[in-house]
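These notes are about the structure you will find just below.
Residue numbers begin at 1 in each chain, while the letters A, B, ... track the order of the sequences. Note that these values count all heavy atoms, side chains included, but never hydrogens, waters or copies made by symmetry. Since the model is a prediction, treat every value here as computed from it, not as a measurement.
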2 protein chains.
Amino acid sequence: MTRNPAAKAEVMTIREMCAAYDVTPRTLRFYEAKELLSPIREGTRRLFTRRDRARLTLILRGKRFGFSLEDIRQTLDLYDRDGSDAAQRQRACEIARERLAIMEAQRAELDVAIADLKAELAASATNTATQRGTAPSHAAE
Amino acid sequence: MTRNPAAKAEVMTIREMCAAYDVTPRTLRFYEAKELLSPIREGTRRLFTRRDRARLTLILRGKRFGFSLEDIRQTLDLYDRDGSDAAQRQRACEIARERLAIMEAQRAELDVAIADLKAELAASATNTATQRGTAPSHAAE
DNA sequence: AGAGAGCTTGACGTTAACGTCAGCGTAACG
DNA sequence: CGTTACGCTGACGTTAACGTCAAGCTCTCT
């Protein structure tokens, strides 16, 4: 009764999750407490579904971009709250568009930063003992 | 004697900095304590140079990418420590290359995230009351 | 000279995102 | 049936990145 053959590999234990995503149990429990994940309970144990795994992927990705868990939680909710009422979906779309704008701006800035660093590297390569490199282009935002 | 005409707008007070970069005095002092900035002292007051401003731009940019202040400090030091010995410069280049690799990977991930979110938005737009959108592509890293 | 305005240095408080540890449950193994 | 392994729940500790006073200088203006 514990092993439904149809549910093979459908869910993962906390240890399997930790191994697969390189996080600690504490982190997973913490994310659950923050309502970023919502694993099933088998008695008292947690079982993580595909949904949890998909969300965790997005969480970890978001973190690398410098988003807070709260930011991420809001963005995540956009992905699976579909059958709600129209007003709520409208609001969700707004948030999504905002996030999108932020990420695209971030990408643009990343491109600048990459270009800067490349230039610095190139300059540093040419003059093994020459001039003093000035600070890169500066635009006050 | 306080106003050298040649030094016009060369340096900025802490208030001017705060207004220009939208940060608090506390933040600037904090960054100085962490050796990210090194303003001149006029008596006891701080005067921020162009170098400080250039660095602050990079600091704030780096923060938006999710880098820690310590990460940023190390990267910043690559930009202006030129006249050092060869070994040190060698090391600096290594760090710069690492950062570059990280940022390029981050850019790639950002593209994926942007594509995901766009897809979700598009799907959400087409079905005003249709199906259930599944979670986006999932690759365990 | 007195009153602000603006700046300074401590020093302690706060929030996010976990780490760490203690104490307890339970499930399987020898 | 004891114990070893894994899991759970608090509860407190920690680090980064500041916020928030308190108390004291130093110009400047009136």
Exercise. Does the C:dT8 base have a donor-acceptor partner in the side chain of B:R29 within less than 3.5 Å?
Worked result: no

Problem set entry | Side-chain donor/acceptor of B:R46 to base of C:dT8, under 3.5 Å | no

Problem set entry | Distance below 4.0 Å between A:Y31 side-chain N/O and C:dA17 OP1 or OP2 | no

Exercise. Going by atom types alone, do A:T13 and A:R46 pair a side-chain donor with an acceptor below 3.5 Å?
Worked result: no

Exercise. So, is A:R41 near the phosphate of D:dT9, with a side-chain N or O under 4.0 Å from OP1 or OP2?
Worked result: yes

Exercise. Using a cut-off of less than 4.0 Å, is there contact between a side-chain N or O of A:T27 and OP1 or OP2 of C:dG19?
Worked result: yes

Problem set entry | Rounded interatomic separation in angstrom, taking CZ from B:F48 and C1' from C:dG6 | 14 Å

Exercise. Over how many whole Å does the gap from B:L60 atom CG to D:dA17 atom P extend?
Worked result: 13 Å

Problem set entry | Atom pair CG/CD of A:D111 and B:E104 - distance to nearest 0.5 Å | 9.5 Å

Problem set entry | Under-3.5 Å donor-acceptor pair between B:R26 side chain and D:dG19 base | yes

For this session: Give a yes-or-no answer on whether the side chains of B:Q90 and B:E94 include a donor-acceptor pair shorter than 3.5 Å.
Result: no

For this session: Rounded to the nearest angstrom, tell me the gap between atom CG in A:L69 and atom C1' in C:dA16.
Result: 8 Å

Exercise. Over how many whole Å does the gap from B:R45 atom CZ to D:dC27 atom P extend?
Worked result: 7 Å

For this session: Mind calculating the distance between CD (A:E42) and C1' (C:dT26) to the nearest angstrom?
Result: 12 Å

Exercise. Without hydrogens or angle criteria, can the side chains of B:R51 and B:S38 be said to hold a donor-acceptor pair below 3.5 Å?
Worked result: yes

For this session: Write down the distance between CD (A:Q74) and P (C:dA16), rounded to a whole number of angstrom.
Result: 13 Å

Exercise. Rounded to whole angstroms, how far apart are CD on B:E32 and C1' on C:dT8?
Worked result: 11 Å

For this session: Could you check A:E16 against B:K34 and say which one's nearest nucleotide on DNA chain D is further toward the 5' end?
Result: A:E16

Exercise. When rounded to the nearest 0.5 angstrom, what distance separates CD in A:Q74 from CD1 in A:I95?
Worked result: 5.5 Å

Exercise. Base, sugar-phosphate, or nothing: which does A:R15 touch, judged by heavy atoms less than 4.0 Å apart?
Worked result: sugar-phosphate

For this session: Mind calculating the distance between CG (B:L37) and P (D:dC18) to the nearest angstrom?
Result: 11 Å

For this session: Verify the contact: side-chain N or O of B:T24 to OP1 or OP2 of D:dG19, cut-off strictly under 4.0 Å; return yes or no.
Result: yes

